[in-house]
Amino acid sequence: MASFSMISASSHLYIPKKLAFPIRCSSASSSPSISTQSSSLKFDLKTYWTTLIADMNQKLHEAIPIRYPEQIYQSMRYSVLADGAKRASPVMCVAACELFGGNRLAAFPTACALEMVHAASLIHDDLPCMDDDPSRRGQPSNHTIYGDDMAILAGDALFPLGFQHIVSNTPSNLVPEPRLLRVIAEIAQTVGSTGMAAGQFLDLEGGPEAVEFAQEKKFGEMSQCSAVCGGLLGGAEDDELDRLRRYGRAVGVLYRVVDDILEEKMKGGDDGDGEGKKKGFSYVKMYGLEKAMEVAEQLKTKAKQELDGFEKYGDGVVPLYSFVDYAVDRGFSVS
């Protein structure tokens, strides 16, 4: 698995003026076609994203009704339906599916499952024995409201519910069973002991060598999984899935590294009170702002280079290009 040191690029990252470091939104930076550049300028990512958020919110509401035992379902719904959720994983899944001519109705059940899995991971990450975070998106964390015991149960219940939702709700006339099995296997591997769980372990253990690997596992894995699942549902070939895998991983880590950069600039270099390992690791804190900016530019370039291989699909690839730019410039709010 490639680490940051293996991604080669020499240009520096632009940083937004409002935060005193301009990051420029662009269409594909590594020689896309003129038609793709033109389409990127016309494409309205905010409308595309917010429309899908509304669809996903409704489908998630329907997917997790209140049943007995009510407290577990209330806890599950509290995190999955929380205000401020960007639904980035579901949106990327739908976009990747549509790239290959897939029907978004085929992608919605898996998109819901990805959001359930994501919410479950956040519930567990916030626990006192993990990152010990009492709030999430400006609201009390799940365990703060429902207690550690109920939060653990809610997270445990969301993982299998996601798989059940895929199997029970994916139209069999749109997705062949072998592809659906590959989707389930992809998600299972992502959340397991070699995926996001490994990232959380390394986040807790610490050490400079762990930072890059933890970032890839905690943030790159989920984005990678979302893109690959969408490709599987849309009928992508194996070599195309490999491209989506590399693209998704780069975008996921890029988003996290830019978060670190923005947080560093907002706090003006104040290191705070040194809360320790349970607050997670910042790439900026470990390696410095300049290195983090270089890495962000490298990741942006890598992600767009992977998308250049989909030029034959024309405008269908534009949403995926736009996600790369959004990861860098954060030009609008989708929550």
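Because only heavy atoms are used, hydrogens play no part in the values below, and waters and symmetry mates are left out as well, while side chains stay in. All values reported here derive from a predicted model rather than from experimental measurement.
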Within the structure provided, determine whether L158 and I123 are in side-chain contact (heavy-atom separation under 4.5 Å).
yes
Residues 179-190 side chain polar contacts: donor-acceptor under 3.5 Å, at least two apart:
unit_1, atom_1, unit_2, atom_2, d
R179, NH1, L232, O, 3.1
R179, NH1, A236, O, 3.3
R179, NH2, A236, O, 2.9
R182, NH1, D238, OD1, 3.4
R182, NH2, D238, OD1, 3.2
E186, OE1, R245, NH2, 3.2
E186, OE2, R245, NH1, 2.7
T190, OG1, E186, O, 2.8

For a quick test of reading the model, state the closest non-hydrogen atom pair linking L81 to H61 and the distance between them.
CD2-N, 3.8 Å
Could you check M222 against L114 for side-chain contact (heavy atoms from CB on, under 4.5 Å), going step by step and ending with a plain yes or no?
CA-CA 8 Å; M222 195 67 199; L114 289 167; 3.7 Å; yes
Compare every heavy atom of A63 with every heavy atom of M116, then report the nearest pair and how far apart it is.
CE-CB, 3.7 Å
Rounding to 0.5 Å, atoms CG (L320) and CD (E306) come to a distance of 12.0 Å
V295 versus V253: any side-chain heavy-atom pair under 4.5 Å?
no
How close do N169 and P109 get, heavy atom to heavy atom, and via which atoms?
O-CG, 3.5 Å
Which pair of heavy atoms, one from N142 and one from S79, lies closest together, and at what distance?
ND2-OG, 2.8 Å
Those residues at least two apart in sequence (or on a different chain) that pass side-chain contact (heavy atoms from CB on, under 4.5 Å) with S141 are D126, R136, H143, T144
So how far is it from I64 CD1 to L161 CG, rounded to the nearest 0.5 Å?
6.0 Å
One should read off an interatomic distance between I53 CD1 and L60 CG, to the nearest 0.5 angstrom, of 11.0 Å
Could you give all pairs that pass the salt bridge (charged side-chain N to carboxylate O under 4.0 Å, His left out) test and reach residues 70-81, with sequence neighbours left out?
none
Should K42 and V318 be marked as a side-chain contact (heavy atoms from CB on, under 4.5 Å) after you check the CA-CA gap, both sets of side-chain angles, and the distance that decides it?
CA-CA 10 Å; K42 295 176 183 177; V318 172; over 6 Å; no
List in chain and number order the residues that pass side-chain contact (heavy atoms from CB on, under 4.5 Å) with S193, two or more places apart in sequence or in another chain; answer none if no residue qualifies.
none
Check whether any side-chain N or O of T301 sits under 3.5 Å from a backbone N or O of E297 as a donor-acceptor pair, and report yes or no.
yes
Give the table of side-chain donor-acceptor pairs shorter than 3.5 Å for residues 88-107, with sequence neighbours excluded, one pair per line with atom names and distance.
unit_1, atom_1, unit_2, atom_2, d
S89, OG, S226, OG, 3.4
E98, OE1, Y48, OH, 3.1
E98, OE1, R104, NH2, 3.4
E98, OE2, R104, NE, 2.6
E98, OE2, R104, NH2, 3.0
N103, OD1, L105, N, 2.8

CD1-CD1 distance between I72 and I66, expressed to the nearest 0.5 angstrom:
11.0 Å
Look at the side-chain heavy atoms of Ile, Leu, Val, Met, Phe, Trp and Tyr, link any pair under 4.5 Å apart, and say whether Y247 and F310 land in one connected group.
yes
For the residue pair A303 and V251, what are the closest heavy atoms and their distance?
CB-CG2, 3.9 Å
By side chain to side chain donor-acceptor pair (under 3.5 Å) - contacts of E62 (at least two apart):
Q58
Salt bridge (charged side-chain N to carboxylate O under 4.0 Å, His left out) pairs touching residues 106-117, sequence neighbours excluded, are R87-E115
Partners of F323 by ring-ring contact (aromatic ring centres under 6.0 Å, His included), sequence neighbours excluded?
W49
Can you name the residues that form a ring-ring contact (aromatic ring centres under 6.0 Å, His included) with Y78, not counting sequence neighbours?
Y146
Would you confirm whether D148, through its side chain, and L127, through its main-chain N or O, come within 3.5 Å as a donor-acceptor pair?
no
Is Y73 linked to L122 within one hydrophobic cluster, defined over Ile, Leu, Val, Met, Phe, Trp and Tyr using a side-chain heavy-atom separation of less than 4.5 Å?
no
Partners passing side chain to side chain donor-acceptor pair (under 3.5 Å) against S168 (at least two apart in sequence or in another chain):
none
Output, in order, the C-alpha distance, side-chain angles, deciding distance and verdict of side-chain contact (heavy atoms from CB on, under 4.5 Å) for D83 and Q139.
CA-CA 9 Å; D83 291 339; Q139 300 295 322; 5.8 Å; no
Any idea which heavy atoms bring T47 and T51 closest together, and the distance?
O-OG1, 2.7 Å
Does Q74 CD have over 12 foreign heavy atoms under 6.0 Å away?
yes
To the nearest 0.5 Å, how far apart are OG in S121 and CE in M196?
3.5 Å
Go through the structure and list residues passing ring-ring contact (aromatic ring centres under 6.0 Å, His included) with Y68, not counting sequence neighbours.
none
Using a 4.5 Å cut-off on heavy atoms from C-beta on, say whether the side chain of K302 contacts that of Q298.
no
Heavy-atom distance under 4.5 Å between the side chains of Y321 and L45, does that happen here?
no
How would you list, by chain and number, every residue that makes a side-chain contact (heavy atoms from CB on, under 4.5 Å) with D259, sequence neighbours excluded?
Y255, R256, E263, R330
Here the gap from R249 atom CZ to F219 atom CZ, rounded to the nearest 0.5 Å, amounts to 13.0 Å
